[in-house]
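Ligands are counted one by one from 1 in listed order, and the atoms in each one are counted from 1 as well.
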Amino acid sequence: MNFDTRLIPYGRESVRDAAELLEHGELVAIPTETVYGLAADALNENAVKKIFLAKGRPQDNPLIVHISSMKMLSPLVREIPDTAKVLAERFWGGPLTMIFPKSDKIPSVTSGGLDTVAVRMPASEAAREIIRKCGFPLAAPSANLSGKPSPTTARHVFEDMNGRIPLIIDGGECAVGVESTVICFKGDKIHILRPGGITAEMLSQFCEVEVDKAVTAQPEKDERVLSPGMKYKHYSPKADVYVVNAHGKAFEEYCTKRSRYENKLIALGAGVSEHGVFLDYGSTPEIQAQRLFALLRRVDDLGAKTVLVEMPEQSGMGLAVYNRLLRAAGFKIIKMGDSK
Ligand code: TXA
Ligand code: MG
């Protein structure tokens, strides 16, 4: 793990370089529409092992396998439920990950020892072009060090992966900004394990949808969760993050009061005008999703000790924002009337 990490823009030559490295079992960070991914040949056990090493990721946390066409799906899975076909037709390429029973082609390192595999077809042209050029599926978790906020720019990837991987492809800022929606199938119903760009409301136009309780609740210690990623602390800046259950003026007054006796406090308000300790994290859930991870990195750069975040909406894209914020905050919510 001692590379001169190259960061080059997406283009014909960089796609060729990326494919060549990936064919040789190396790692390449690639842009997607959600967040940057740390890619390896999903079918090459040794290559996939390097992902866990570079990220410092627990080995029981399975990876998402990325494909560029429907043709690539069937060899990877034992069964494709009818609902999956409908959802693929409507939402692929896009930020939707579906969990299937895995075929023997998927090595156990890729699936974290599970007998299922998570698959998604990204919307990002850059990601699809790289997969097409490789001709094999790419396993790719978010390209951050484990526990840090997911990267939404190539610069974020460089901060975390410099020296650990040979190549980062710069495809600009990610359009969605939070990771894909992860679902599994339960008979005719689907179960959302991680909310993302394809919302519960969008999915419920096609089938019955359940949201896993771990999306908004803290799993008990040692509780078995359906998606191993849910049990780890995530997206955390060094600062202590709190979600404040107040809006608008009430939120601003609370933060202003606390900032009088607390040093190094930053408040992220939904659509606030930026002044004093206040930064704007966006007035709609879509903008909040785009900005959230970059802001969580920025508060660290600013040396914040405490970060107070205005409670987001909890429907539509808001559920994805709320889910990531809860994890960044270690589930600490301040209700008005609390002293802290
Ligand atoms: O948007 C995304 O999904 C990004 C980009 C790069 O595609 N990738 C991403 O991967 O977020 P990662 O590894 O950071 O998150 C994958 C999540 C984890 O929570 C993991 O536990 C869950 O998906 N997962 C993967 N395979 C699974 C499986 N077979 N069963 C249950 N959960 C699974
Ligand atoms: Mg991740």
Please identify which atoms of ligand 1 are closer than 4.0 Å to at least one heavy atom of [X].
X      : result
Gly37  : 6 (C)
Leu114 : 28 (C), 29 (N), 30 (N)
Ser142 : 8 (N), 9 (C), 10 (O), 12 (P), 14 (O)

* Kindly indicate, with the supporting measurements, whether the criterion side-chain contact (heavy atoms from CB on, under 4.5 Å) is fulfilled by Asn61 and Lys55. => CA-CA 12 Å; Asn61 195 0; Lys55 274 184 66 94; over 6 Å; no
If you measure from [atom] to every heavy atom of [options], which option wins on shortest distance?
atom                    : options                : result
atom 13 (O) of ligand 1 : Arg57, Arg194, Lys55   : Arg57
atom 24 (N) of ligand 1 : Gly112, Ser150, Pro62  : Pro62
atom 2 (C) of ligand 1  : Ser180, Cys184, Ala140 : Ser180

* Asked: Heavy atom under 4.0 Å from ligand 1: found in Lys102's side chain, backbone, both, or neither?
  -> neither
* Structure fact -> The answer for which part of Thr116 has a heavy atom under 4.0 Å from ligand 1 is both
* **Charged N-O contact under 4.0 Å between Arg298 and Asp301** => no
* **Residues Arg132, Glu129: salt bridge by 4.0 Å N-O rule** => yes
* **Check: Thr181 side chain, Ile198 main-chain N or O, donor-acceptor pair, under 3.5 Å** => yes
* To do: Go through the structure and list residues passing salt bridge (charged side-chain N to carboxylate O under 4.0 Å, His left out) with Asp300, not counting sequence neighbours.
  => none
* To do: Over 60° means perpendicular and under 30° means parallel, so classify the ring planes of Phe185 and Phe100, tilted if in between.
  => tilted
* Asked: Who else is in the cluster with Leu145 when I, L, V, M, F, W and Y are joined by side-chain contacts under 4.5 Å?
  -> Leu7, Leu27, Tyr36, Leu38, Val48, Ile51, Phe52, Leu63, Val109, Val157, Phe158, Met161, Ile165, Ile168
* Asked: So, does Pro95 sit close enough to ligand 1 that a heavy atom of it is under 4.0 Å from the ligand?
  -> no
* Is any N, O or S atom of Ser142 under 2.8 Å away from the Mg ion (ligand 2)? -> yes
